[in-house]
Amino acid sequence: MVINRIIALDDDEDYLSILQGFAKIVGLDFVGYTSYAELDLKKLTSSDLFVLDIYMPGSDALDILMDIAKHEQKAFLAIMSGADSDILDSISSLAQQLSLKSLGSLSKPVKFSDFHTLINVSKSETDDHILNLKAEVSIPFAPQFDELGVQDWFDKKLIYPVFQPQFDATTKEIVGFECLTRIKHPILQHVEPAEFVSYVEDKGDMEIYTVTFISESMAKVARLLEDNPELSCSFNISANNLNKRFADLLVDQISHYTFAARQIVFEITESNAVKMSAEAMYAISRLKVAGVKLSIDDFGTGYSSIKQLVELPFDEVKIDRSFVSEMTHNEKASAIIKATFNMSDSLGFKLVVEGVETEEQYQLIMESGSSKIQGFLFSEPLSIENLIFLLKQQNLNLP
Ligand code: C2E
Ligand code: CA
Ligand code: CA
């Protein structure tokens with residue numbers, strides 16, 4: 001048996017494009033549907049892999065699975081979702097009980113590596129061990145990225161920065177922005193930044209990548225920061241390659257400009273921050289002495305203790321967006337947010353609340369105390385031009 005086509009059902013067209021890109025790389029045909037009504041189950045064949053998003057408006061994934069079982073579908077099946085892995089696991093085991101040919105699940109954001117593993121599972125599950133793979137690929141970025149150097153990615157504009165504004169929760173004015181990486185891949189229509197970052201890490205290029213990315217991005221926002229000393233710009237750095245040289249390169253970048261070092265914020269994830277080596281701690285201290293601000297990213301996911309937090313030289317905490325997305329219907333999530341507000345207040349950390357998507361979440365956060373808000377409700381990440389456009393409405397000094 002051979003898989004030669006992916007049939008995907010997901011109400012989010014962006015995800016269909018991602019899967020389409022993946023299918024193209026491995027040489028499989030692809031058909032995407034945004035609603036269950038469009039899909040005729042009878043059209044699925046034994047050489048299809050049916051990828052089903054479990055949260056489809058108006059249709060329950062469990063019902064769809066029952067339908068598939070009723071039609072005695074012979075297609076392979078994979079469940080896809082942004083839900084917890086234990087929900088995915090329980091649906092996958094239901095699929096198995098229904099004797100569906102479930103290959104497992106794909107967590108959103110879907111990574112090419114997971115997709116590739118799934119296809120390989122199908123390879124070993126197939127009767128004759130033949131898979132219609134026209135091209136064997138081990139990493140999603142080859143060859144367009146592998147053959148080029150880090151500087152080429154930027155020169156060819158395959159990598160570029162976007163800026164997500166941060167708003168004062170009370171005044172709703174923009175007080176800063178986070179610089180995030182974007183990838184324009186010649187084949188894949190979409191590459192998640194987090195996936196790209198781990199690719200660069202595996203390649204061993206993280207230090208040169210980060211320094212180049214920050215230098216290119218800083219040049220874009222320098223005037224904005226120089227003319228508006230109350231604005232800040234945050235960058236993500238990975239603690240794995242924090243050493244003296246790296247810190248010196250970053251400090252050197254900043255010294256090219258006349259904005260204040262305190263306008264630059266370096267974000268390190270909580271999980272990285274609490275297990276920093278002595279060398280990384282030294283590098284962090286150098287950054288701190290240079291005057292930049294330090295922020296703990298994805299706070300709440302890294303299991304740090306208050307004692308560890310107090311000992312680290314951080315200025316800001318960014319509460320992870322998973323708590324924000326759950327805060328209106330999960331008491332534990334809202335308790336964690338409240339506790340983080342209290343902790344930040346008593347330890348003197350600034351607080352950034354990330355991933356605010358609804359008015360209801362915003363109201364609850366407003367009531368919890370003062371903070372900065374970064375989320376789709378107020379603004380998605382923007383090009384530098386659109387960021388300046390938005391700032392113009394605030395009567396700032398603009399280039
Ligand atoms: P992060 O540092 O936690 O960045 C915030 C992420 O949350 C961004 O995703 C942003 O687009 C997203 N976000 C912001 N507001 C909302 C919202 O309201 N709802 C939802 N659903 N999402 C929201 P993005 O750009 O995909 O970046 C993902 C991660 O990739 C980042 O998470 C960061 O860990 C990493 N990353 C991105 N750029 C860089 C970089 O230049 N260097 C390093 N080391 N990591 C980076
Ligand atoms: Ca961040
Ligand atoms: Ca974060």
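Heavy-atom basis, side chains included; hydrogens, waters and symmetry copies ignored. These numbers come from a predicted model, not from an experiment. Every number for a ligand or one of its atoms is a count from 1 in the order of the listing.
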(message) Below the 3.5 angstrom mark, is there an N/O of Gln164, backbone or side chain, next to an N/O of ligand 1?
(response) yes
(request) Would you please name every residue forming a salt bridge (charged side-chain N to carboxylate O under 4.0 Å, His left out) with Lys220, sequence neighbours left out? (result) none
(request) Distance to 0.1 Å, residue and atom name: give those for the protein heavy atom nearest to atom 1 (P) of ligand 1. (result) Asp297 OD2, 3.9 Å
(request) Starting from atom 12 (C) of ligand 1, find the nearest protein heavy-atom neighbour and note its residue, name and distance. (result) Arg321 NE, 3.9 Å
(request) Please determine if the Ca ion (ligand 2) has an N/O/S atom from Ser234 lying under 3.0 Å away. (result) no
(request) Could you tell me the residue and atom name of the protein heavy atom closest to atom 41 (O) of ligand 1, and the distance to it rounded to 0.1 Å? (result) Phe213 CE2, 3.2 Å
(request) Pull out every atom of ligand 1 sitting under 4.0 Å from any heavy atom of Ala194, numbered as shown with elements. (result) 30 (O)
(message) Could you tell me, atom by atom, which parts of ligand 1 come under 4.0 Å of a heavy atom of Gly375?
(response) 15 (N), 18 (O)
(request) Looking only at protein heavy atoms, identify the closest one to atom 21 (N) of ligand 1 and say how far it is in Å. (result) Glu357 OE2, 2.9 Å
(request) Looking only at protein heavy atoms, identify the closest one to atom 31 (C) of ligand 1 and say how far it is in Å. (result) Leu180 CD2, 4.3 Å
(request) Using a strict 4.0 Å cut-off to heavy atoms of Pro381, name the atoms of ligand 1 that fall inside it. (result) 11 (O)
(request) Assert yes or no for the condition that the ring centre distance of Tyr362 to Phe378 is strictly below 6.0 Å. (result) yes
(request) With 3.0 Å as the limit, jot down which protein N, O or S atoms are around the Ca ion (ligand 3). (result) Asp297 OD1, Asp298 OD1, Glu354 OE1
(request) Write out the residue and atom name of the closest protein heavy atom to atom 18 (O) of ligand 1, then the distance separating them to 0.1 Å. (result) Phe376 N, 2.8 Å
(message) List ligand 1 atoms under 4.0 Å from Met206, heavy atoms only on the residue side.
(response) 44 (N)
(request) Hey, can you tell me if His116 and Phe112 have their rings parallel, tilted or perpendicular (30° and 60° cut-offs)? (result) parallel
(request) Kindly say whether the aromatic ring centers of Phe299 and Phe314 come within a distance under 6.0 Å. (result) no
(message) For atom 38 (N) of ligand 1, what is the closest protein heavy atom, and at what distance to 0.1 Å?
(response) Thr181 N, 3.1 Å
(request) Please report which non-hydrogen protein atom sits nearest to atom 28 (C) of ligand 1, along with the residue it belongs to and the distance in Å to one decimal place. (result) Pro193 CB, 4.3 Å
(message) Can you confirm whether the side chains of Asp14 and Ser17 place a donor and an acceptor under 3.5 Å from each other?
(response) no
(message) Would you say the rings of Trp153 and Phe213 are close, in the sense that their centroids are separated by under 6.0 Å?
(response) no
(message) Given the ring of Tyr15, does Lys108 sit roughly above its face, with NZ or CZ under 6.0 Å from the centre of the six-membered ring and within 45° of the axis?
(response) yes
(request) Can you sort out which atoms of ligand 1 are near Asp298, meaning under 4.0 Å from one of its heavy atoms? (result) 3 (O)
(request) May I ask whether atom 7 (O) of ligand 1 is less than 4.0 Å from at least one protein heavy atom? (result) yes
(request) Would you mind naming the N, O or S atom of Glu178 nearest to the Ca ion (ligand 2)? (result) OE2
